[in-house]
Amino acid sequence: MTNYHLILASNSPRRKELLEGLDLPFTVKVKKYVPEDYPKDLPVAQVPQFIAKEKASAYDIRHGELLLTADTVVVVGQEVLGKPVDESDARRMLRLLSGRTHQVITGVCLTTTSQQKAFSVSTNVTFKELSDDEINYYISKYQPFDKAGAYGIQEWIGYVGVTKLEGSYYNVMGLPVQRIYEEMQTM
């Protein structure tokens, strides 16, 4: 990795913390606004990778730089859950996830001036039946409005609600660092 200056294109404190865990130097650069729209006929499993690539296209990359963009979505059934717009939306999302298994999919795009690699990592997460009191407590105390699916697995709701996890825990937090590390080795 000494060949590139790594740039994380994300405001997420969780992504920054996870990338720091790889012990690689990097800087954070964020555009003010990059749309997170996608074609409505796009298969749900492809949505986060599509958005990660769209985010990458908003940046000008210089020689010697490696840009990392990512997007995480929660998929339950065929519905894509992004970030909730308000308390009511967060409550709806958590009720939808309650007592079910859902997928957390993170799309990642690694871009240099000469190449681009995009991939997705998927993790299955199962929640117990959540009571209205648990949902209301979590929303009021943790304000999960910046999190896909209205929850952070590393927070209280993950401690009390997640009964099963198949795949990368860090992916559910928002950045599949193990896979990113592997992919960066081949660039």
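If you read the sequence from its start, that first residue is 1, and numbering goes on from there.
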Between [X] and [Y], does at least one N-O distance fall below 4.0 Å, as a salt bridge requires?
{"X": "E155", "Y": "K141", "value": "no"}
{"X": "K29", "Y": "D60", "value": "no"}
{"X": "D71", "Y": "K55", "value": "yes"}
{"X": "D132", "Y": "R95", "value": "yes"}

- Item | For the student: nearest non-hydrogen atoms of V74 and A148, plus distance | CG2-O, 3.5 Å
- Query: For A70 and L175, which heavy atoms make the closest approach, and how far apart are they?
  - Reply: CB-CD1, 4.0 Å
- Task: Check the angle between the aromatic planes of Y142 and Y137 and answer parallel, tilted or perpendicular using the 30° and 60° thresholds.
- Result: perpendicular
- Side-chain (E134) to main-chain (S131) donor-acceptor, under 3.5 angstrom: yes
- Task: Could you tell me whether the side chains of N124 and T101 share a donor-acceptor contact shorter than 3.5 Å?
- Result: no
- Message: Under 3.5 Å, is there a donor on one side chain and an acceptor on the other for S120 and R179?
- Response: no
- Is the H102-F127 ring centre distance short of 6.0 angstrom? yes
- Message: According to a hydrophobic-cluster definition based on side-chain heavy atoms being under 4.5 Å apart (Ile, Leu, Val, Met, Phe, Trp, Tyr only), do V177 and L66 belong together?
- Response: yes
- Message: Using the rule that Ile, Leu, Val, Met, Phe, Trp and Tyr join whenever any side-chain heavy atoms are under 4.5 Å apart, tell me whether I105 and Y170 fall into a single cluster.
- Response: no
- Rounded distance (nearest 0.5 Å) linking atom NZ of K117 with atom CD of E183: 4.5 Å
- Query: How many angstroms lie between atom CE of M93 and atom CD1 of I139, to the nearest 0.5 angstrom?
  - Reply: 10.0 Å
